[in-house]
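Since the structure comes first, as structure tokens, the remarks are kept for the end.
In the text below, chain A, chain B and the rest are named by the order of the sequence lines, each starting its count at 1.
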Protein chains: 2
Amino acid sequence: MAVTIKDIAEIAQVSHTTVSRALRGHSAISRDTAVRIQQIADELGYVPNSAARGLKSSSSRILGVIVQRIEDPSLGEVIDGIEEVLQAEEYSLFLAASHHDPEREKKIIRNMCEHRVDGVIICASQIDLAQMQQLQQLGVPAVLVNNQAKETATPSVCHDDEYGSYELTRHLLASGHTVIGYLGNAMAGKANEDRLGGYRRALIEVGLPFREELVFVGPNGLAVGGALAVEQCLRLAQRPSALVCFNDMMAIGALQVLQKNGLHVPQDCSIVGFGNISFSAYVTPPLTTFHQPKREIGREAALLALRLLRAGANESKPATKLLRGELIVRASTASPAG
Amino acid sequence: MAVTIKDIAEIAQVSHTTVSRALRGHSAISRDTAVRIQQIADELGYVPNSAARGLKSSSSRILGVIVQRIEDPSLGEVIDGIEEVLQAEEYSLFLAASHHDPEREKKIIRNMCEHRVDGVIICASQIDLAQMQQLQQLGVPAVLVNNQAKETATPSVCHDDEYGSYELTRHLLASGHTVIGYLGNAMAGKANEDRLGGYRRALIEVGLPFREELVFVGPNGLAVGGALAVEQCLRLAQRPSALVCFNDMMAIGALQVLQKNGLHVPQDCSIVGFGNISFSAYVTPPLTTFHQPKREIGREAALLALRLLRAGANESKPATKLLRGELIVRASTASPAG
DNA sequence: GTAGTTGATGCACACGTGTGCAAATCCCGG
DNA sequence: CCGGGATTTGCACACGTGTGCATCAACTAC
């Protein structure tokens, strides 16, 4: 059994109340007793029980984080950013993965409610307004990160994917490309739409047509998804001279297939990714991509969540926070050969 | 305020005791009342408070996981494996990153003790026997994963790095290489020694000398570490025809430097990594490496931790569990040119 | 000396849930 | 009608911590 304040009280010949106050630095305790009690606590190796404390204060100092896959290369840094803020603020982090299973997600949320987390951060899920209201009804402040539902539920932290994709496409256009394809991700929701939208806007802005037949959709956002999508593209008679990919992993998969088919990147086909995951710099050729400030997104989400739970329900809830990254030009893009 | 069993009791016109028993499926409660109470609980949206429950049962159903960096590409899968087991067993996961800071690690452990985690899994840290005893004194069952201290503290789950490195080196020897270098990681402890040891054993086994001047040490296990280590190697008059790298990231960094210097891999220099992180298959050329069963390591660690905390202190504690991966031959290795 | 003030401490209860034991109710056989 | 067992329920306390209020001693001012 662990040491409790009662054990300390008995040794110090005071009531457990005095011990509680002494250890929490209550002003009404004399300096002498406070020091004496602290000393005894240290000697016994006293560790306060947050379960009991949380029971009284009805605050657990725990934040829940829900992701789809923990090993997602674009998520590690986000979680790290969250964790950084929480550790500084003496909060703890509950982590769970839903693996794209809504049933599992419900179980996770339920479990987090049982542990009375003070707030929840949900990453890259498809939370709609109804679910958000449900969460608020449970009394759990929730922050969405890069939420994938069509309607933007708040509060949330998002990366401006539309702008990023627009910039990437403009970069290709500036290099002289006129036939540019898009490799989409069927599993993503809003992110895919936004990135497709930015691509489209850039095209139309310079007077080029948006052609449906140049949009290829992969089954997921992994390398294999990019490979499958680019294979459709290769069957085309008139191939695009550049490809905008949903993310870096798809770009890497596409890159591999292109090279297997004897095409040179960027000479025969330029290619851009999205996200600037650490590996995008290490493929051959290194990938031109759009840097998503992942750690900062995590930090912002954590700060927003903390602000939210501290404000309670009185303050006006902040809306969506939109962060912008920047274009990273590497060697996977060049002017078209012709 | 959340719904409690007392609220339910009032509505159902019974004592809170009956509600508690009914919801937990106690046999002494009549089927009628049980159903009725369950119904009321559902209607009110009752969610049990695990803090209160844990206070009585003195078990939190939480496991703590401590890592160095969350975004470590070789760690994501391990954590995923842990989380998979915990979710199935209805346990929750506390995650914290120590960032190679012993002070921070202590704070984390302290925090986890405050939350009365039922056990701790510590990944890739340098926990020695003394620290392990300290943990046991705190009453927290701890499992070490790929622990980096010289003395192997138990219980732990480890990958057989010595064997892996031995196999990789044998693969190079079998291809005809006779001058093979090793790129080490100064930040790693036991892992670096084991991998160096396996490399050395393979050399000596076939009668080749172990030459200190062919061991190059990078400052960390990242791509930049591999780059810096291989630069030392390039200054050599007689360069090795193959390189065994501490891990995949270092191999990728080394690969890049070699190619920048006009050397072709594998024609001019074969290179092998370690770990089989997902990206090792996507660099050019794809990396020959040793597959570490990361998800399984995570699962084993979680299962071991659960077994441990269920056994209490009565059962004999299991010792180190050693897992072996397998050699993955890709295109970064070939016979030497000469 | 007395009333008022300040400082230090303890009592009793609260948080939400679980449990040993007693009590109440019911059923059944004699 | 009574006794005894089985079934169902409630009382009271426990877990470890925090807090309003009362208590008590010491000190100050008149």
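- To the nearest angstrom, C1' of C/dG18 lies 15 Å from CZ of B/Arg61.
- Comparing B/Val14 and A/Val47 against DNA chain D, the residue whose closest nucleotide sits nearer the 5' end is B/Val14.
- Salt-bridge annotation for A/Glu84 and A/Arg295: present, with a side-chain N of the basic residue lying under 4.0 Å from a carboxylate O of the acidic one.
- Following rounding to the nearest Å, A/Leu55 (CG) and C/dA14 (C1') show an atom-to-atom distance of 9 Å.
- Note on A/Lys6 versus A/Glu10: no salt bridge recorded, every NZ/NE/NH1/NH2 to OD/OE distance being 4.0 Å or above.
- Below the 3.5 angstrom threshold, one finds a donor paired with an acceptor across the side chain of B/Thr17 and the base of D/dC11.
- Put simply, B/Thr18 has a side-chain N or O that comes within less than 4.0 Å of OP1 or OP2 on D/dG10.
- Rounded to a whole Å, the CD1 atom of B/Ile8 is 12 Å from the C1' atom of C/dT17.
- In this structure, B/Asp160 contributes its side chain and B/Leu322 its backbone to no donor-acceptor pair below 3.5 Å.
- You'll find that the side chain of B/Lys56 is closest to D/dA14, out of D/dT17, C/dT9, D/dA14.
- Rounded to a whole Å, the CZ atom of A/Arg24 is 18 Å from the P atom of C/dT9.
- A salt bridge links B/Lys107 with A/Glu90: the closest approach of a Lys/Arg side-chain nitrogen to an acidic carboxylate oxygen falls below 4.0 angstrom.
- Counting atom types as modelled, A/His16 pairs a side-chain N or O with a base atom of D/dG18 as donor and acceptor under 3.5 Å.
- Contact annotation for B/Ser57: no contact, since no heavy-atom pair falls under 4.0 Å across all strands.
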Exercise. Before giving the answer on side chain to side chain donor-acceptor pair (under 3.5 Å), spell out for B/Gln148 and B/Ser125 the whole-Å C-alpha distance, their side-chain angles and the decisive distance to 0.1 Å.
Key: CA-CA 6 Å; B/Gln148 295 301 308; B/Ser125 184; over 6 Å; no
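- Rounded to an integer number of Å, the gap from A/Arg21 CZ to D/dG16 P is 20 Å.
- At whole-Å resolution of the value, CZ in B/Arg53 and P in C/dT19 are 10 Å apart.
- Protein atom NZ of A/Lys6 is 8 Å distant from nucleotide atom P of D/dA14, rounded to whole Å.
- Note on A/Ser20: every side-chain N or O is 4.0 Å or more away from OP1 and OP2 of D/dT19.
- Dashed line: the shortest gap from a side-chain N or O of A/Ser15 to OP1 or OP2 of C/dG10 is under 4.0 Å.
- Using a 4.0 Å cut-off, some side-chain N or O of B/Ser30 falls inside it from OP1 or OP2 of D/dT9.
- Nucleotide C/dG10 holds its P atom 13 Å from the CD atom of A/Glu10, rounded to whole Å.
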